[in-house]
Enquirer: 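Quick one: the structure is below, questions incoming.
Reckoned from all heavy atoms, side chains included, excluding hydrogens, waters and symmetry mates. Both counts, for ligands and for their atoms, begin at 1 and track the order of listing.
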Amino acid sequence: MKTVFPAQAPTLIPVVGSDAAFPVRRIYCVGRNYVEHAKEMGFTGREDPFFFCKPADAVLYVPEGQTGELPYPPLTSDLHYEIELVVALSSGGRDLTLEQAAAAIYGYAVGLDMTRRDLQGVAKKQGRPWEIGKAFDFGAPMGPIYPAQTVGSMDQAAITLSVNGETRQSGNVDQMIWKVAEAISYLSGLFELKAGDLIFTGTPEGVGAVVPGDLMVGAVQGLGELKVKVIA
Ligand code: MN
C-alpha cells in the first residue's frame with residue numbers, strides 16, 4: 001500500500017566481514033548490571049534485572065577507524081557516557097531458556113548508552129519514565145556488529161572507556177550481575193524478542209560527564225574501538 005509520506009528507512013548496522021547489514025528492530029538496555037556501577041548509583045547490586053528502551057533511530061553508527069560526531073543533546077548540563085557490550089539477536093521468542101537465549105545471539109558490538117543524567121535524576125525522584133534521560137536522538141552510538149561465529153564467546157572481555165586519552169571506565173564483561181544469556185532469558189519473559197533486537201548489557205563503574213570537544217574511545221576486547229567526539 002502507498003504511504004502518506006515516505007516510510008522511515010530501517011536502521012542498518014554493518015556486519016564485520018559481510019556485505020549484509022543488521023536491521024535494527026528494538027533497542028533494550030539493562031540497568032545497573034555491574035555491581036560497582038550499581039553501588040556508585042546508590043544501590044546494592046543485588047536487585048532483579050530491569051530494562052528500558054531506546055528508539056532504533058537513536059543509533060549513531062560509527063565505522064571502525066572513524067570518529068563519530070555526537071551533537072550535545074538539548075536541555076541537559078550533565079551528559080554521561082556508559083560503555084557497554086551490545087548483543088544483537090537474529091532470532092527471538094518468549095520465555096527463552098538460557099540455552100535458547102544463547103542460540104538467539106547473532107553477534108556483538110561496542111556501544112555507548114549516553115545518558116542525560118540530570119534529567120534521568122529528576123525522573124527517578126518524581127517516579128516518572130526515563131525516556132527523556134535515555135531515549136534521545138543520537139543517544140546510542142555503536143560500532144559494527146561482529147558475528148558470534150567469528151568472535152566466539154564473550155563471557156570474558158575487557159571493557160574500557162577513555163575520555164581525551166584518560167581512562168575513565170575499566171572492567172570486564174565477566175563482572176555482569178546478569179550474564180548475557182540470563183538477561184536475554186529474563187527479558188523474553190517480559191517481551192517477545194525478535195530478530196533485529198539489540199540489547200545494551202550495562203556499564204561498569206566510572207560513569208561521568210562529557211562536554212563538547214571531548215573525545216570518547218570505548219572498547220570491548222575482540223570488538224574493536226568506538227570513537228565518538230562530542231560536538232556543540
Ligand atoms: Mn546503561
Side-chain angles (χ1 to χ4, degrees), residues 13 24 26-56 58-62 68 70 73 76 78-89 108-124 128-143 154 157-163 167-180 182-184 186-187 190-191 197-210 214 216-220 223 226 228 230:
I13 311 290
V24 180
R26 292 184 181 173
I27 302 175
Y28 295 101
C29 303
V30 187
R32 295 179 209 126
N33 200 22
Y34 289 74
V35 174
E36 295 307 318
H37 172 60
K39 287 182 182 166
E40 77 182 348
M41 300 307 286
F43 296 83
T44 66
R46 290 193 187 84
E47 292 82 8
D48 276 350
F50 72 95
F51 304 90
F52 56 91
C53 291
K54 295 195 184 217
V59 168
L60 170 65
Y61 170 67
V62 183
L70 170 68
T76 182
D78 198 20
L79 177 67
H80 275 208
Y81 51 79
E82 297 188 357
I83 188 68
E84 310 206 352
L85 170 67
V86 180
V87 177
L89 303 188
Y108 303 95
V110 185
L112 278 163
D113 168 15
M114 298 306 296
T115 303
R116 290 192 282 209
R117 194 72 74 200
D118 43 1
L119 300 189
Q120 183 199 27
V122 170
K124 280 183 190 174
R128 289 180 179 168
W130 283 14
E131 268 84 355
I132 59 167
K134 289 288 195 179
F136 53 93
D137 298 335
F138 309 106
M142 64 179 287
M154 292 297 295
I159 179 168
T160 55
L161 182 100
S162 70
V163 179
T167 300
R168 299 287 183 83
Q169 293 189 275
S170 180
N172 194 295
V173 299
D174 69 4
Q175 297 160 340
M176 283 183 196
I177 298 167
W178 303 93
K179 307 302 178 199
V180 168
E182 290 174 327
I184 295 169
Y186 196 101
L187 189 57
L190 294 163
F191 303 97
D197 290 344
L198 295 178
I199 302 164
F200 281 60
T201 57
T203 196
E205 74 273 21
V207 300
V210 280
D214 284 346
M216 301 177 282
V217 179
V220 176
L223 305 179
L226 171 64
V228 180
V230 183

Enquirer: Is there a donor-acceptor pair under 3.5 Å between the side chain of Glu84 and the backbone N or O of Leu112?
Expert: no
Enquirer: Should Val110 and Ile83 count as side-chain neighbours, where that means a heavy-atom distance under 4.5 Å?
Expert: yes
Enquirer: As an exercise, state the distance from CD of Gln120 to OG1 of Thr76, rounded to the nearest 0.5 Å.
Expert: 10.5 Å
Enquirer: How many angstroms lie between CG in Leu187 and CZ in Phe51, if you round to the nearest 0.5 Å?
Expert: 4.5 Å
Enquirer: Give, for atom OH of Tyr108 and atom CG of Leu223, the distance between the pair rounded to the nearest 0.5 Å.
Expert: 9.0 Å
Enquirer: At distances under 2.8 Å, what protein N, O or S atoms surround the Mn ion (ligand 1)?
Expert: Glu82 OE1, Glu84 OE2, Asp113 OD2
Enquirer: Which residues satisfy the salt bridge (Lys or Arg N to Asp or Glu O under 4.0 Å) test with Asp113, sequence neighbours excluded?
Expert: Lys54, Lys134
